[in-house]
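Encoded as structure tokens, the structure appears first; notes follow it.
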There are 4 protein chains.
Amino acid sequence: MSEAHVGSDHAASGTSGNMETMDATVGVEMTKPMRADAVRNHEKILLAAEEIFALDGVTVPIDLIAERAGVGIGTLYRHFPTKESLYEAIVVTRISNVLEIADRYANDEDPGQALFNFLREFATQVADKQDLFESLIQAGIDIKSKLADQVEELVRRVDVLRQLAVDAGTVRADVTTTDMLNLVMGSCHAASHSDDDDVSLLRLVNIVIAGIQPHTVG
Amino acid sequence: MSEAHVGSDHAASGTSGNMETMDATVGVEMTKPMRADAVRNHEKILLAAEEIFALDGVTVPIDLIAERAGVGIGTLYRHFPTKESLYEAIVVTRISNVLEIADRYANDEDPGQALFNFLREFATQVADKQDLFESLIQAGIDIKSKLADQVEELVRRVDVLRQLAVDAGTVRADVTTTDMLNLVMGSCHAASHSDDDDVSLLRLVNIVIAGIQPHTVG
Amino acid sequence: MSEAHVGSDHAASGTSGNMETMDATVGVEMTKPMRADAVRNHEKILLAAEEIFALDGVTVPIDLIAERAGVGIGTLYRHFPTKESLYEAIVVTRISNVLEIADRYANDEDPGQALFNFLREFATQVADKQDLFESLIQAGIDIKSKLADQVEELVRRVDVLRQLAVDAGTVRADVTTTDMLNLVMGSCHAASHSDDDDVSLLRLVNIVIAGIQPHTVG
Amino acid sequence: MSEAHVGSDHAASGTSGNMETMDATVGVEMTKPMRADAVRNHEKILLAAEEIFALDGVTVPIDLIAERAGVGIGTLYRHFPTKESLYEAIVVTRISNVLEIADRYANDEDPGQALFNFLREFATQVADKQDLFESLIQAGIDIKSKLADQVEELVRRVDVLRQLAVDAGTVRADVTTTDMLNLVMGSCHAASHSDDDDVSLLRLVNIVIAGIQPHTVG
DNA sequence: TATGAATGAGCATTCATTCAT
DNA sequence: TATGAATGAATGCTCATTCAT
């Protein structure tokens with residue numbers, strides 16, 4: 001009954017396929033690789049969840065996700081023993097994406113602008129993912145271990161960018177990373193609830209960016 | 001906190017008969033003053049609701065509020081015929097407070113700074129009131145008539161301040177009022193979820209303020 | 001606390017005023033006569049209850065009656081310790097009226113037609129009194145002592161009429177009184193739910209009357 | 001009693017696949033047959049509901065039905081998404097039975113008696129089914145769409161019988177169908193609340209029948 | 001005594017989770 | 001293993017009745 005749950009919280013990583021490589025995950029004992037159809041279901045569920053959570057946030061009844069995935073609830077629960085675990089799985093993936101983006105910019109040729117460009121991309125990621133938005137906005141309140149850890153990690157990596165920018169003199173030293181991220185999230189929210197298109201989002205983020213630059217006074 | 005009470009059903013008037021304040025309320029006929037204990041309960045309920053909604057937002061079960069108020073559910077429902085009505089009562093009061101603050105700054109002697117000072121006060125109001133935060137963040141999505149109207153009104157009044165500032169040359173003309181408010185709300189959120197004290201909130205708001213000023217480039 | 005409840009279930013007899021004469025009621029110990037205003041309230045309540053029960057039946061919330069009576073619920077409950085008791089009071093009065101009608105016809109000069117005329121009048125009484133209808137229709141199910149007794153009494157008195165008619169040869173001997181009454185009630189119901197006026201009621205009752213006459217075959 | 005089940009959500013088909021009976025249902029696409037236990041529960045629920053509604057009418061709390069069925073409330077709600085829908089399911093079935101009976105008599109060899117015989121059968125159907133009684137008695141008041149339609153249909157079909165009888169000269173032309181039905185329902189009620197056996201019911205209905213025949217005077 | 005505020009059991013319904021097929 | 005049926009705690013709300021003013 002419990003032997004196959006392994007994959008439960010794994011990110012549906014871009015290149016699908018090898019669910020078996022998951023053994024790499026720290027401290028997980030060797031387990032039978034998932035059956036092909038199980039893998040397929042796993043992904044169908046994640047896909048449906050991504051879409052639905054993105055639109056409706058946590059509050060959506062879990063049946064809807066199963067239905068959308070074309071899968072029985074029982075199946076869903078076999079893969080994710082808890083609504084929360086599914087939710088986590090989704091958000092973890094999303095944050096992972098963001099982490100990668102951060103890493104990419106960490107090697108940018110223009111360290112003075114890397115943070116800014118990252119923030120703009122971060123914004124577009126968050127903008128239309130209700131779940132991601134909610135999670136980040138909750139982060140630090142009810143410590144959902146895994147997410148909390150990830151968010152911490154996110155902050156750490158973005159902090160690298162921030163440091164680079166500070167060193168390059170493009171960002172004031174007294175602004176923390178979480179502050180910046182939260183401000184950008186405010187922008188995301190503003191944008192997603194206005195009638196404008198994405199342009200407005202960038203405009204907002206640019207305000208934040210302007211705000212964190214030195215010598216601000218006109 | 002309990003001073004205003006834009007009573008949904010009854011005005012919880014302290015010393016009754018006060019004709020001046022009566023006239024202020026549009027077209028309300030003289031009603032018997034509430035019984036002493038009723039007033040007490042009304043206030044206990046509002047107080048409990050203020051606290052609990054502030055912490056947990058709309059989703060909190062209404063029994064908890066009754067319990068916290070030390071009152072039966074029936075009593076709660078006598079005073080507020082609907083969960084929504086109670087929620088509204090709370091938030092309406094909160095927004096009313098903010099409206100007054102906006103008005104006060106509209107007459108400020110330094111129109112160039114009025115908006116900024118308002119935003120700072122606005123931030124402290126929103127900072128730890130989950131309900132207010134939620135309402136403002138929902139505004140425009142599910143139109144809960146009364147609140148929607150109020151938020152519109154808020155935007156209108158803050159827009160006065162913005163115009164003054166733009167005229168005074170302290171704020172860029174391409175930033176909308178809702179954008180500013182949403183950015184500040186992002187700040188509030190950031191602050192309320194960090195472990196710092198209120199200082200951090202001000203710092204954040206100041207970033208936003210910096211961002212909306214002209215000649216931003218360092 | 002309990003001394004004044006005497007009048008509780010009394011019929012609001014036609015000529016108002018002397019509530020004190022109630023002492024006549026069997027087995028009730030001497031009690032202080034009701035205060036004038038109490039009597040007034042008692043009647044206001046009965047009046048309101050008559051109207052509302054007639055329209056809405058038992059299911060109506062008791063607050064509505066108090067409101068209609070222009071009386072607090074507390075007052076209502078002082079006079080009638082139970083919703084049921086109030087209901088009973090009303091219906092008892094109504095049945096009393098019917099009893100009187102029955103008595104009147106018992107002395108009719110045309111014993112062969114007395115029953116028929118009574119049934120017609122009975123029908124008009126029941127027709128638009130939801131409560132009376134309900135009570136009679138319930139009679140015999142949940143034995144609400146007092147009403148049950150009264151209904152029995154009603155049957156007894158109508159049976160006198162039936163006997164007269166049987167003796168006069170205008171009614172078949174094999175039809176019981178309750179049967180007739182119930183059939184008439186069916187008529188009442190039919191009539192009250194059609195769009196016709198009272199004419200239809202009489203037509204229906206006439207069908208019943210036709211049905212209980214001898215030599216029916218065409 | 002359980003043979004028909006005009007399934008509100010699913011057809012509780014016994015042997016699945018039966019195309020002929022399928023086609024009978026208008027425009028219903030092939031659906032997976034219900035699981036064995038689901039069917040069992042569906043029937044347990046209907047059975048319990050039939051019994052309880054028959055005794056207590058609509059007002060009975062739905063938990064009681066679940067309990068009687070030996071089923072959780074959740075289960076009940078899975079099968080019938082609303083109290084009303086369950087109620088409807090029951091009554092619809094009942095009326096359907098009556099409709100069939102009416103149809104059967106429409107082809108009777110003795111058109112002069114068909115109506116009478118139908119009324120007698122109708123009476124026995126209604127006699128001890130509180131729910132059916134209530135529904136018919138409510139018909140036309142609060143229009144519960146589906147039931148209202150059905151009752152209309154019932155009236156229509158019975159009207160066929162009435163017409164036949166009128167043509168055959170066994171029934172007066174001035175009696176409407178609803179009048180007859182209501183009178184019979186009065187009979188049902190009378191009978192079901194007396195201590196007699198079913199004989200009394202027939203006797204009552206016969207009175208009505210007598211009443212609607214021509215040349216009534218003795 | 002009259003008032004109406006307070007009370008809480010009761011009801012219909014939803015939804016995360018478990019379990020039989 | 002996949003399915004979806006079963007479960008029941010939880011929630012918003014009503015209304016008969018009691019109790020403080």
Side-chain angles (χ1 to χ4, degrees), chain A residues 1 3-4 34-35 37-38 40-41 59-67 70-84 86, chain B residues 32 34-42 45 59-66 69-84 86, chain C residues 1 3-4 34-35 37-38 40-41 59-67 70-84 86, chain D residues 10 32 34-42 45 59-64 66 69-84 86:
Chain A
M1 195 177 246
E3 76 279 44
M34 260 176 154
R35 260 171 40 178
D37 56 345
R40 214 159 34 244
N41 276 339
T59 61
V60 73
I62 209 162
D63 318 34
L64 290 191
I65 295 178
E67 191 184 13
V71 156
I73 333 176
T75 306
L76 190 155
Y77 267 89
R78 167 170 287 273
H79 287 270
F80 302 92
T82 282
K83 186 186 185 181
E84 180 133 350
L86 173 56
Chain B
K32 245 185 269 187
M34 266 173 125
R35 239 168 59 182
D37 57 346
V39 174
R40 208 158 40 242
N41 277 339
H42 196 89
I45 293 169
T59 61
V60 73
I62 211 161
D63 321 28
L64 289 191
I65 296 178
V71 154
I73 345 170
T75 304
L76 191 154
Y77 270 91
R78 163 176 279 271
H79 288 270
F80 301 92
T82 283
K83 185 186 184 181
E84 179 132 350
L86 174 54
Chain C
M1 192 177 246
E3 74 280 43
M34 262 175 152
R35 257 170 44 179
D37 56 345
R40 210 156 39 241
N41 276 339
T59 61
V60 73
I62 208 161
D63 317 35
L64 290 191
I65 295 178
E67 191 184 13
V71 156
I73 331 176
T75 306
L76 191 155
Y77 267 89
R78 165 170 289 273
H79 288 270
F80 302 92
T82 283
K83 186 186 185 182
E84 179 134 351
L86 173 55
Chain D
H10 338 262
K32 246 186 268 189
M34 265 174 127
R35 240 170 57 184
D37 56 347
V39 174
R40 207 157 41 241
N41 276 338
H42 197 89
I45 292 169
T59 61
V60 74
I62 210 159
D63 321 29
L64 289 191
V71 154
I73 343 170
T75 303
L76 191 155
Y77 269 91
R78 164 176 277 270
H79 289 270
F80 301 92
T82 284
K83 185 186 184 182
E84 180 131 351
L86 174 54

Could I get the full list of side chain to side chain contact (heavy atoms under 4.5 Å, CB included) partners for Asp63(A), not counting sequence neighbours? Pro61(A), Ile73(A)
On DNA chain E, more 5' by nearest nucleotide between Thr82(D) and Gly74(C) is Gly74(C)
Mind checking Ala38(C) for me? I need base, sugar-phosphate or nothing, with any heavy atom below 4.0 Å counting as a touch. sugar-phosphate
Residues at least two apart in sequence or cross-chain that pass side chain to side chain contact (heavy atoms under 4.5 Å, CB included) with Arg35(B), listed by chain then number, are Asp37(B), Ala38(B)
Most 5' of Asp37(B) and Ile62(A) on DNA chain E, judged by nearest nucleotide: Asp37(B)
Could you state the CZ-P distance from Arg78(A) to dC19(E), rounded to the nearest angstrom? 14 Å
Counting only side-chain nitrogens and oxygens, does Asn41(A) get under 4.0 Å of the OP1 or OP2 atom of dA2(F)? yes
Does a nitrogen or oxygen in the side chain of His79(D) sit under 4.0 Å from OP1 or OP2 of dA6(F)? yes
Of the listed nucleotides (dG12(F), dA16(E), dA2(F)), which one gets closest to any side-chain atom of Tyr77(B)? dG12(F)
Which heavy atom of Leu76(B) sits nearest to which heavy atom of Val71(B), and what is that distance? N-CG1, 3.9 Å
Writing each nucleotide of DNA chain F 5' to 3' as (, ), [, ], | or . by Watson-Crick or G-U pairing under 3.5 Å yields .||||||||||||||||||||
Rounded to the Å, how far apart are Phe80(C) CZ and dT18(F) P? 16 Å
Say you draw a straight line from CD of Glu84(D) to CD1 of Ile62(D); how long is it, rounded to the nearest 0.5 Å? 10.5 Å
Could you give the CG-to-C1' distance, from Asp63(C) to dT14(F), as a whole number of Å? 10 Å
Phosphate-side-chain proximity, Arg35(D) and dT21(E), N/O vs OP1/OP2 below 4.0 Å: no
Between Val60(C) and Ala36(B), who's closer to the 5' end of DNA chain F by nearest nucleotide? Val60(C)
Atom CG of Leu64(D) and atom P of dG10(E): how far apart are they, to the nearest Å? 11 Å
Give Ile73(A) one of three labels, base, sugar-phosphate or nothing, depending on what nucleic acid heavy atoms sit under 4.0 Å from its own. base
What nucleotide among dT21(E), dC11(E), dA6(F) has an atom nearest to a side-chain atom of Pro61(D)? dC11(E)
Provide, to the nearest angstrom, the distance between the CD1 atom belonging to Ile65(C) and the C1' atom belonging to dT17(F). 14 Å
Would you indicate, yes or no, if dA5(F) has its OP1 or OP2 atom less than 4.0 angstrom from a side-chain nitrogen or oxygen of Thr75(D)? no
Are Ile45(D) and His42(D) close enough that some pair of their side-chain heavy atoms sits under 4.5 Å apart? no
Tell me: CG of Leu86(A) to P of dT17(E), nearest whole Å? 11 Å
Start at the 5' end of DNA chain F and walk down; is the nucleotide closest to Arg40(B) or to Thr59(B) reached first? Thr59(B)
Output the rounded distance in Å from CG (Leu76(D)) to P (dC11(E)). 14 Å
Of the options dT13(E), dT17(F), dG4(F), whose atoms approach the side-chain atoms of Lys83(D) most closely? dT13(E)
Hey, could you give me the NE2/CG distance between His79(D) and Asn41(D), rounded to the nearest 0.5 Å? 5.0 Å
